[in-house]
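These notes concern the structure reproduced below.
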Protein chains: 2
Amino acid sequence: MAVTINDVAKEAGVSITTVSRVINGNYPVKQETRQRVEEAIKKLNFQPNPIARSLVCRRTNSIGIVVPSITNMYFTEVVDGIEKYARNNSYDIFLNITNGDAKAEINAVNKFIERYVDGIIVVDPQTENMLSGFYDEIVNTVPVVFVNGYHQEIDLSFVISNEENGFKNALKHLNKTGHKNIIFVRGESSYSYDLKENIYRKFIKNIGSREYILTVNAGNSIEVVENTKKSIINISSEIKLGEDFTALIACNDLMATGALNACLELGIKVPDEFSIIGFDNIILSQMTTPKLSTVDQNMKKLGEKSAEMLFNYIESGYEADKVLINTKLILRESCRI
Amino acid sequence: MAVTINDVAKEAGVSITTVSRVINGNYPVKQETRQRVEEAIKKLNFQPNPIARSLVCRRTNSIGIVVPSITNMYFTEVVDGIEKYARNNSYDIFLNITNGDAKAEINAVNKFIERYVDGIIVVDPQTENMLSGFYDEIVNTVPVVFVNGYHQEIDLSFVISNEENGFKNALKHLNKTGHKNIIFVRGESSYSYDLKENIYRKFIKNIGSREYILTVNAGNSIEVVENTKKSIINISSEIKLGEDFTALIACNDLMATGALNACLELGIKVPDEFSIIGFDNIILSQMTTPKLSTVDQNMKKLGEKSAEMLFNYIESGYEADKVLINTKLILRESCRI
DNA sequence: TTGAAAGCGCTAACAA
DNA sequence: TTGTTAGCGCTTTCAA
């Protein structure tokens, strides 16, 4: 049996109220008494029971993280950022993986609320849950911060990476280094893919060159690497890579890696004959040969920032807010410099 | 304010005890009464407060996972396996990332115990904590299962992948497909590297060929890819890759990827001129060109199995046990078949 | 500056 | 089959 506040009170010859006071330091206690209590605490190696505390205070010193997947390096880094920040503030973390299922996301959030978590971070929330208004009442109960995902006209708190900006810069760089005809690779359905496609379209129109949009399956899972590779090899008979089109920009690094693999197989030299730029800057992008140029989303910072916001809400109350995190073009070896 | 058992009792016109009984179904309740209570529960949308429950039952329906890192794809898959299994059994998960720090590991475990978690899984525990006897008393308080890590003569519960077996098979395959002189790549210090080195040494002696052991820095982090690449390029002036040595076996897929990158840069054709086999079967191994042959550790299964064991302990009491998970040689494109 | 006592929401003896 | 009651370990009024 663990030692309780009662044991400490007896040992120190005071009431449990007094012990509680020295633990929390929220009421005056005579210096001498405090010392006696502190000694008793040390002697008995007393740790206040957080469960009992939570029951009365409605505070658990824990937060919940909801994330679509954890085998995806992208999310993993966000979680890592959150975890570090939370631990530094001595918060514990509940983790729930939804596999991108909207129902599972709702269940996760509800379970967290039941558990009295002090706050919730949802990474890449399902768009349908954003639109259904599910979260609108939730935030009256417990603060919630979202990391990326659909946020147009949604009056909730977000940390969002400035994808527009990064993507535009990548495109500009490609153009500046002599590329005119640029292939765009995207996955099937996602707010972020649409966003990038729009930018791509406008840009291509602007410089008066040819569009080529390649849509591949399974945008965010491992398979997308292989899928992209095959797609590119397929179209390589139709359009001349390195001549008709001399560059490619992808919606994420997995797709870019697939493109790189295709070039390797087709004997097209990157970056001499063909340039490739990815997006995200997951660690994979440093492991390829040549190393991928990409746009850094700074996932760790996304995580840290979301945690920081959440803790502010926990302390000072919730208020919808959107924070934009800058992205940065990282030039490595897969494109001209 | 959330609805409590009291509200339900009033609504149904019974005592809270009766409500508790129908919730838990552990004592007889008249059919008719039960129905009334159930209706009240539904009507008020009552959810029992798990905190109050935990306080009296000393059970939280949660487990703690301690893991060195989460940006490492290897651990990530183990955690994923645990999470799935736990969620299927409607357990929630606390996650703690130690960054391989022994003190942090101890803190994590202690915090979990304070929180009354029902069980703990420690992935790749720090050897010094295993040896110091820290866990010996812990397991009297709460069941703990370890995934891999140092386990010689340690009388605790482990799920261990059979690395010996898988590594030996890889070596045999290399030899069977005509390779005699095989390079061995390892990281600096780890039980698992030593184990593999011993097997390698014996094997090489047995077939009467030349040893070549390459030790690279930062065994388990991203940098090891680049470090390995550089090391291989370095030694390539000293020993002729593809002639003196025609194959390479690495302690993990990151190192193998580095080796692959080196070959790419040196213009050595894999697998035509040089064979490479990695270890672990992280998803990266499917993303390289050529795809890596490797030894599957089945991390997901390691995770699932450890969760399964833990739940058994939670139900039926703890008892030290070691479970071996088989590894499997996966032949892809980076070695002769 | 201190203590007694109520209560957080629930479970489980015990009694009826 | 049901209800009364005493906790679980803590915080926080209220009174002294």
Side-chain angles (χ1 to χ4, degrees), chain A residues 1-41 44-62 92 111 113-118 141-142, chain B residues 1-41 44-62 92 111 113-118 141-142:
Chain A
M1 212 63 259
V3 19
T4 75
I5 198 173
N6 246 302
D7 303 323
V8 177
K10 256 176 223 156
E11 175 74 26
V14 296
S15 75
I16 61 168
T17 314
T18 304
V19 178
S20 171
R21 280 174 188 140
V22 347
I23 295 167
N24 296 300
N26 47 359
Y27 288 95
V29 173
K30 211 205 293 180
Q31 175 59 26
E32 187 196 312
T33 319
R34 152 166 293 118
Q35 201 148 351
R36 245 183 321 136
V37 172
E38 273 163 356
E39 273 160 21
I41 289 177
L44 302 178
N45 189 25
F46 167 69
Q47 307 269 46
N49 180 330
I51 309 237
R53 254 181 167 167
S54 300
L55 186 57
V56 23
C57 300
R58 270 116 212 302
R59 219 187 188 266
T60 53
N61 270 279
S62 67
D92 283 329
K111 261 206 150 183
I113 292 175
E114 272 181 52
R115 285 211 185 258
Y116 281 50
V117 295
D118 298 340
T141 313
V142 57
Chain B
M1 211 62 262
V3 20
T4 76
I5 198 172
N6 246 301
D7 304 321
V8 177
K10 257 176 222 155
E11 174 73 26
V14 296
S15 75
I16 60 167
T17 314
T18 303
V19 178
S20 170
R21 280 175 188 138
V22 346
I23 296 168
N24 296 299
N26 48 359
Y27 287 95
V29 174
K30 212 206 290 183
Q31 176 58 27
E32 187 198 311
T33 319
R34 151 165 295 117
Q35 203 148 349
R36 244 182 324 138
V37 173
E38 273 163 355
E39 273 160 20
I41 290 178
L44 301 178
N45 189 24
F46 167 68
Q47 307 267 48
N49 180 328
I51 308 237
R53 254 180 169 168
S54 299
L55 187 57
V56 23
C57 299
R58 269 115 215 303
R59 222 191 187 262
T60 52
N61 269 279
S62 67
D92 283 330
K111 261 206 152 184
I113 292 176
E114 271 181 54
R115 284 213 185 256
Y116 281 47
V117 297
D118 297 339
T141 313
V142 57

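Here is how names work: the chains are called A, B, and so on, in the same order as the sequence lines, proteins then strands, and each is numbered from 1.
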From C-beta outward on [X], which listed nucleotide comes closest to its side chain: [options]?
X	options	answer
B/Thr33	D/dT2, D/dC8, D/dC10	D/dT2
A/Lys30	D/dC10, C/dG9, C/dT2	C/dT2
A/Pro48	C/dT11, C/dT2, D/dC10	D/dC10
B/Ser15	D/dT1, D/dT4, D/dT11	D/dT4
B/Val56	D/dG7, D/dG9, D/dC10	D/dG7

* When you match A/Ile23 and B/Arg36 each to their closest nucleotide on DNA chain D, which lands nearer the 5' end? ->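 Looking at the nearest nucleotide for each, B/Arg36 comes out on the 5' side.
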Output the rounded distance in Å from [atom1] ([X]) to [atom2] ([N]).
X	N	atom1	atom2	answer
A/Leu55	C/dC8	CG	C1'	4 Å
A/Arg115	C/dG9	CZ	P	17 Å
A/Ile5	D/dG7	CD1	P	18 Å
B/Leu44	C/dG9	CG	C1'	15 Å
A/Lys10	C/dG3	NZ	C1'	16 Å
B/Asn26	D/dT2	CG	C1'	14 Å
A/Asn6	C/dG3	CG	P	13 Å
A/Tyr116	C/dC8	OH	P	11 Å

Measuring only between side-chain heavy atoms, which start at C-beta, is [X] closer than 4.5 Å to [Y]?
X	Y	value
A/Val14	A/Val29	no
B/Val19	B/Ile23	yes
A/Arg115	A/Ser62	no

Heavy atoms under 4.0 Å, any strand shown: does [X] hit a base, just sugar-phosphate, or nothing?
X	answer
A/Ser54	nothing
B/Thr4	sugar-phosphate
A/Ile16	base

OP1 or OP2 of [N] less than 4.0 angstrom from a side-chain nitrogen or oxygen of [X], does that happen here?
X	N	value
A/Arg21	C/dT2	no
B/Arg53	C/dG9	no
B/Thr18	D/dT2	no

* To do: For A/Arg34 and A/Val22, indicate whether the former's side chain and the latter's backbone hold a donor-acceptor pair under 3.5 Å.
  =>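 Not confirmed, A/Arg34 side chain does not pair with A/Val22 backbone.
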* Closest non-hydrogen atom pair between A/Thr141 and A/Ile113, with its separation ->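 Between these two residues, the closest heavy atoms are CG2-CG2, 4.1 Å.
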* Specify the residue among B/Tyr27 and B/Asn49 whose closest nucleotide of DNA chain C lies further upstream toward the 5′ end. =>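 Checking each residue's closest nucleotide, the 5'-ward one belongs to B/Asn49.
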* Classify the side chain of B/Arg58 and the base of D/dG9 as holding, or not holding, a donor-acceptor pair under 3.5 Å. =>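 Per atom types, no contact qualifies.
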* What about B/Thr17: does its side chain form a donor-acceptor pair under 3.5 Å with the base of D/dT4? ->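 By the distance-only test, yes, there is a pair.
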* To do: First locate atom CZ of A/Arg21, then atom NZ of A/Lys30, and finally report the distance between them rounded to the nearest 0.5 Å.
  =>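 The NZ atom of A/Lys30 is 14.0 Å from CZ of A/Arg21, to the nearest 0.5 Å.
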